[in-house]
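Each chain gets a letter, A, B and so on, in the order its sequence line appears, and its residues count up from 1.
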Number of protein chains: 2
Amino acid sequence: MEKVTIATVAQRAGVSRQTVSNVINTPDVVREETRERVREAISALGYRVNQAARQMRTGRSRLIAVRIEPARDGINGSVLDRFLHGLTDAAGLAGYRVMLYTADGDDAEIATYDELLNAYDLDAFVLTSTHHGDPRTSWLAARDVPFVTFGRPWGAPETHSWVDIDNAAGTAAATEHLLAAGHQRIGFLGWPAGSGVGDARREGWHRALGPWGPVGEATDGVESGAVAARKMLQNDPPTAIVCASDSLALGALQAARELGRECAVIGFDDTAVARAIGLTSVSQPLAEAAGRCMDLLRELLDGHAPSHPTNVLLPPSLVVRQTA
Amino acid sequence: MEKVTIATVAQRAGVSRQTVSNVINTPDVVREETRERVREAISALGYRVNQAARQMRTGRSRLIAVRIEPARDGINGSVLDRFLHGLTDAAGLAGYRVMLYTADGDDAEIATYDELLNAYDLDAFVLTSTHHGDPRTSWLAARDVPFVTFGRPWGAPETHSWVDIDNAAGTAAATEHLLAAGHQRIGFLGWPAGSGVGDARREGWHRALGPWGPVGEATDGVESGAVAARKMLQNDPPTAIVCASDSLALGALQAARELGRECAVIGFDDTAVARAIGLTSVSQPLAEAAGRCMDLLRELLDGHAPSHPTNVLLPPSLVVRQTA
DNA sequence: TTGTAGGCGTTATCAA
DNA sequence: TTGATAACGCCTACAA
């Protein structure tokens with residue numbers, strides 16, 4: 001099968017190459033009859049625009065890049081994967097493709113931006129896992145590279161569009177669910193203060209509860225969660241615990257079982273583990289978040305760039321199962 | 001910052017563009033002194049080869065494509081994600097990038113090949129989830145598109161290179177572990193016959209056990225696994241069950257608990273769920289599998305194409321936890 | 001060992 | 001409304 005180029009199509013339709021190009025890119029400028037003839041030729045030949053050539057002229061690649069976390073395992077590792085799936089779907093629908101890269105740390109990631117931008121003329125980036133003092137956004141902004149973040153710009157000036165999950169609303173909903181079920185002493189098991197996401201999740205619990213309840217702190221993980229939960233359950237036992245992650249929730253469940261204590265537990269992220277063991281958990285609308293990121297990117301890329309950056313805050317939902 | 005092209009570098013180094021190109025692509029043909037001068041100019045300017053332009057000349061994009069499963073959740077969904085992580089790492093090391101696509105069914109996937117090949121000049125594909133009567137491999141082979149599969153070509157002629165996990169060895173190791181622990185009645189809980197992977201996992205159990213033991217069949221999932229396990233445990237109770245997946249294993253665990261039966265359980269895939277609940281499970285070396293796929297691809301792409309396709313069969317390992 | 005000419009497939013510009 | 005021409009950045013072939 002010979003290579004089909006715009007010239008092949010032009011010849012078959014009896015027009016110039018430019019006219020074919022016009023049919024593809026600015027159809028309204030071509031007379032209807034001609035347009036139809038060219039379209040027939042295109043589909044008869046199975047012609048497809050060559051992106052590399054187009055890119056060379058236009059400087060746009062229709063490629064967007066996302067970092068994939070290094071091969072790593074864990075209960076919560078799947079959250080970004082689910083976002084990635086959604087983004088690939090949404091990008092495909094919009095005529096874009098997703099290119100993956102890995103980077104160990106912010107500086108390495110910035111070096112990768114430089115490379116990808118030069119070598120592949122990437123159209124845009126989607127950043128995940130934003131955090132306080134994140135150097136990536138300012139680097140990109142300084143170079144006028146289009147990007148959106150999944151995660152708000154913690155502390156940084158809000159100069160770009162972002163999509164985020166309303167974490168506080170999630171733990172607030174969990175807490176309200178427990179209050180409605182009659183619980184009064186509701187504890188919170190979360191991460192050490194300082195991470196934006198973790199602080200927001202604690203804040204939601206506190207907001208819904210009113211007064212403070214027992215608080216436990218642990219780095220993420222089943223083991224450390226169990227240790228912290230055990231302490232909570234011994235000192236000042238709550239009848240329910242809202243947790244900042246499913247891993248911590250699993251630890252809390254273990255601790256309660258060991259101590260023979262009845263204790264309702266709610267996790268966060270609605271991971272496969274939660275589904276598997278019947279853990280009530282707060283679910284993030286990751287596919288929707290990805291779709292919104294793509295929407296914002298299209299605004300940026302298709303020229304209709306809004307003068308003000310847009311922010312989207314998506315509410316999570318509570319999935320009630322057996323543990324609460 | 002102006003765009004840095006090969007011409008910029010040439011000017012700065014006081015040589016022709018061609019000499020710069022030679023330094024990049026065939027350094028040994030350039031006099032050392034000149035080479036050094038050009039290299040200095042390259043790094044001083046931060047020059048990077050533009051892939052689109054190179055691709056236009058060479059027809060090679062240094063891009064490989066992999067399908068990402070549609071946004072879907074489940075205990076086993078993470079297996080392919082982990083493979084993807086490994087592949088992105090390995091590709092990056094080899095100077096390639098991974099492009100993602102989604103496709104609903106084999107035919108849609110083949111249509112996507114056609115598009116990606118025409119539009120992006122993809123260098124190669126990595127196929128996952130191979131199965132009996134898989135039309136994808138023959139389509140690619142007929143067009144001389146380089147590809148490897150992660151998963152052997154079930155039944156199809158072995159005309160391409162592949163990497164696979166020795167599933168039978170995994171369940172055999174699990175069974176031997178149980179035998180060594182003194183178990184004698186060891187059952188198997190697997191998927192309906194017909195899926196290559198599932199059959200191999202059953203085969204490994206049978207091979208290690210010698211005589212047949214109790215067998216249960218269920219489509220993958222915690223619920224259906226629990227139903228099938230309940231039946232096994234009531235009729236003809238084994239003291240241990242080897243399962244074809246962590247989901248089924250979880251179901252088996254539930255069934256045993258409900259019935260108040262002591263029963264060792266071993267799962268397959270070593271998912272986050274297994275780690276979280278202490279389920280002994282067979283672990284696939286996914287990062288290594290991805291690395292091997294990349295190795296095979298490089299052989300194919302870098303011209304040293306071996307006359308015979310290469311096959312790599314990787315042994316899984318048993319991760320012993322509390323359930324067996 | 002280095003330089004020159006030409007073209008990969010597309011689109012922007014401008015003329016017809 | 002359509003077509004001719006040039007250019008994007010690079011590499012291959014060939015000449016010097």
query = Counting only non-hydrogen atoms, which of residues 29-39 of chain B are less than 4.0 Å from DNA chain D?
reply =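 Of all residues in residues 29-39 of chain B, none places a heavy atom under 4.0 Å from DNA chain D.
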ask   = How would you list, by chain and number, every residue that makes a salt bridge (charged side-chain N to carboxylate O under 4.0 Å, His left out) with B/Arg152, sequence neighbours excluded?
value =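 With neighbours one apart ignored, the set is B/Asp164.
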What pairs of nitrogen or oxygen atoms, one from the protein and one from nucleotides 7-10 of chain C, lie under 3.5 Å apart?
{"from": "C/dG7", "atom 1": "N2", "to": "B/Arg57", "atom 2": "NH1", "distance (Å)": "3.1"}
{"from": "C/dG7", "atom 1": "N3", "to": "B/Arg57", "atom 2": "NH1", "distance (Å)": "3.4"}
{"from": "C/dG9", "atom 1": "N2", "to": "A/Ala53", "atom 2": "O", "distance (Å)": "3.4"}
{"from": "C/dT10", "atom 1": "OP1", "to": "A/Tyr47", "atom 2": "OH", "distance (Å)": "2.4"}
{"from": "C/dT10", "atom 1": "OP1", "to": "A/Asn50", "atom 2": "N", "distance (Å)": "3.3"}
{"from": "C/dT10", "atom 1": "OP2", "to": "A/Ile6", "atom 2": "N", "distance (Å)": "2.5"}

What are the two closest heavy atoms between [X] and [Y], and how far apart are they?
| X | Y | result |
| --- | --- | --- |
| A/Thr88 | B/Thr102 | CG2-CG2, 3.8 Å |
| B/Leu122 | B/Ser61 | CA-OG, 3.6 Å |
| A/Pro27 | A/Arg39 | CB-NH2, 3.8 Å |

ask   = Would you say the side chains of B/Thr137 and B/His160 form a donor-acceptor pair under 3.5 Å?
value =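 Their side chains do not contain a donor-acceptor pair, so the 3.5 Å distance test is not met.
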inquiry  = Under 3.5 Å, is there a donor on one side chain and an acceptor on the other for A/Arg17 and A/Asn22?
reply    =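 Note: A/Arg17 and A/Asn22 side chains miss the donor-acceptor criterion.
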inquiry  = Can you confirm whether more than 12 heavy atoms, excluding those of A/Glu109, are under 6.0 Å from its CD atom?
reply    =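 Yes, because the 6.0 Å sphere around CD of A/Glu109 holds more than 12 heavy atoms from other groups.
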For [Y], does its backbone N or O pair with a side-chain atom of [X] as donor and acceptor, under 3.5 Å?
| X | Y | value |
| --- | --- | --- |
| B/Thr58 | B/Arg54 | yes |
| B/Arg292 | B/Ala287 | no |
| B/Thr112 | B/Ala108 | yes |

Axis bend over the full length of the helix from C/dT1-D/dA16 to C/dA16-D/dT1, computed from five pairs that close each end, to 10 degrees =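 Angle reported: 40°, given to the nearest ten degrees.
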Distances for protein N/O vs nucleotides 13-16 of chain D N/O pairs under 3.5 angstrom?
none

message = Less than 4.0 angstrom between a side-chain N/O of B/Thr19 and OP1 or OP2 of C/dG3, yes or no?
response =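 Yes.
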request  = On the 0 to 90° scale, with breaks at 30° and 60°, tag the A/Tyr101-A/Tyr113 ring pair as parallel, tilted or perpendicular.
outcome  =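 Answer is perpendicular, since the angle exceeds 60°.
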key: Partner residues of B/Arg31 under the side chain to side chain donor-acceptor pair (under 3.5 Å) criterion, sequence neighbours left out   =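 With neighbours one apart ignored, the set is B/Glu33.
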inquiry  = In this structure, how many angstroms lie between the P atom of D/dC11 and the CD atom of B/Gln55, rounded?
reply    =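 Rounded to the whole Å, the gap is 12 Å.
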Atom pair CH2/CG of A/Trp139 and A/Asp134 - distance to nearest 0.5 Å =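 Result: 13.5 Å between the selected atoms.
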